[in-house]
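All remarks here apply to the structure that follows.
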Amino acid sequence: MASDRRSFIRGALFLAAGSILAGYDRISRSEWGPKVLNGAEALTSRVQHLLSPDSTMAEEFPETEVSKVFPSNGTSLPKCPRYQTLLANGFADYRLRIDGLVERPAELTIAELRALGVRTQVTRHDCVQGWSAIGKWEGTLLAELLDHVAVSQHARYAVFHCFDEMKPGLLYYESLDMAEARHPQTLLAYALNGKPLPVANGAPLRLRVERQLGYKHAKYLSRIELVDSLANVHGGHGGYYEDTEGREWYAGI
Ligand SMILES: Nc1nc2c(c(=O)[nH]1)N[C@H]1C(S)=C(S)[C@@H](COP(=O)(O)O)O[C@H]1N2
Ligand SMILES: [Mo]
């Protein structure tokens, strides 16, 4: 009896979620303003979290499934002098900065990140522009870094700042909530298919957030900033494509 009621409630929730998601689709294709999109987006994110609990894992593949070529999309070589100088020196001087709502802001080398723990995963990358590829990623769990710097309990989002300029003065950026940031497949990756991360794929360090679409996987990371709101991050929608093209912030696959 109780379990009947539970499955009925689950069914009803699923149907409600479906119509909300379908509604979101219509809204995002219509000419409604960003305000409507914002509300719908928050709802979509909440519903998706209900449907896919935070423990859901993205599919992992055997190494034999790795794609022969892993394409590059978006920026393939940041032009700014800061990046060019690091590249010229084989990234020996690279440090990832992590600050904002953390107790111990830090600047870490790739070796220091490695010392926090290394994880390997073979996953499929899906880009909204219509291609997919399977790659073997090696990196450090973002969760390990967050523990290392002691994130404040007021932090709600991790914002990823990149080296590459998309428009004059506007560098690529993305963000995750704390559940996604601490997910057991969310990596700061420094190797692809057994080799140091190629420049075209985000060297020396990029994000992997395997349950979401390609544009969430920020390449060329320079800094991670912990914040309590996305309102003051550029356009307020939490990412370059979210702000400039109205793409969804929670880009669940
Ligand atoms: N810094 C930065 N990160 C980025 C992009 C970008 O242009 N700059 N493009 C995004 C998009 S749309 C995709 S599909 C993936 C592409 O990753 P790849 O070049 O390794 O295939 O990176 C994402 N992260
Ligand atoms: Mo993409």
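Ligands are counted one by one from 1 in listed order, and the atoms in each one are counted from 1 as well.
At least one heavy atom of Phe70 sits less than 4.0 Å from an atom of ligand 1.
Rounded to the nearest 0.5 angstrom, Arg208 CZ and His125 NE2 are separated by 6.0 Å.
Aromatic rings of Trp137 and Phe70 (six-membered ring for Trp) have centroids within the 6.0 Å cut-off, being under it. For Tyr83 and Tyr220, the ring centers are positioned less than 6.0 Å apart.
Polar contact with ligand 1: present for Arg206 (N/O pair, distance under 3.5 Å). Ligand 1 has no nitrogen or oxygen under 3.5 angstrom from a nitrogen or oxygen of Tyr215. Among the atoms of Tyr220, none of the N or O lies under 3.5 angstrom from an N or O of ligand 1. Between Pro71 and ligand 1, at least one N/O pair is under 3.5 Å apart. Looking at ligand 1, you'll find an N or O of Lys219 within less than 3.5 Å of one of its N or O atoms. At least one N/O-N/O distance between His217 and ligand 1 falls below 3.5 Å. Residue Trp131 has no N or O atom closer than 3.5 Å to an N or O atom of ligand 1.
No hydrogens or angles considered: nothing links the side chains of Glu138 and Gln121 as a donor-acceptor pair under 3.5 Å. Using modelled atom types and a 3.5 Å distance limit, the side chains of Asp126 and Ser132 yield a donor-acceptor pair.
From the protein, the heavy atom lying nearest to atom 23 (C) of ligand 1 is Gly214 O, 3.3 Å. Among all non-hydrogen protein atoms, the one lying nearest atom 10 (C) of ligand 1 is Tyr172 OH, 3.5 Å.
In Glu174, neither the side chain nor the backbone holds a heavy atom less than 4.0 Å from any atom of ligand 1. Contact annotation: for Asn73 versus ligand 1, heavy atoms closer than 4.0 Å belong to both the backbone and the side chain.
Of the candidates Thr120, Val122, Ile134, Glu63 forms a side chain to side chain contact (heavy atoms under 4.5 Å, CB included) with just one, namely Val122.
Around the CZ atom of Arg156, the shell of radius 6.0 Å holds no more than 12 heavy atoms that belong to other residues, nucleotides or ligands.
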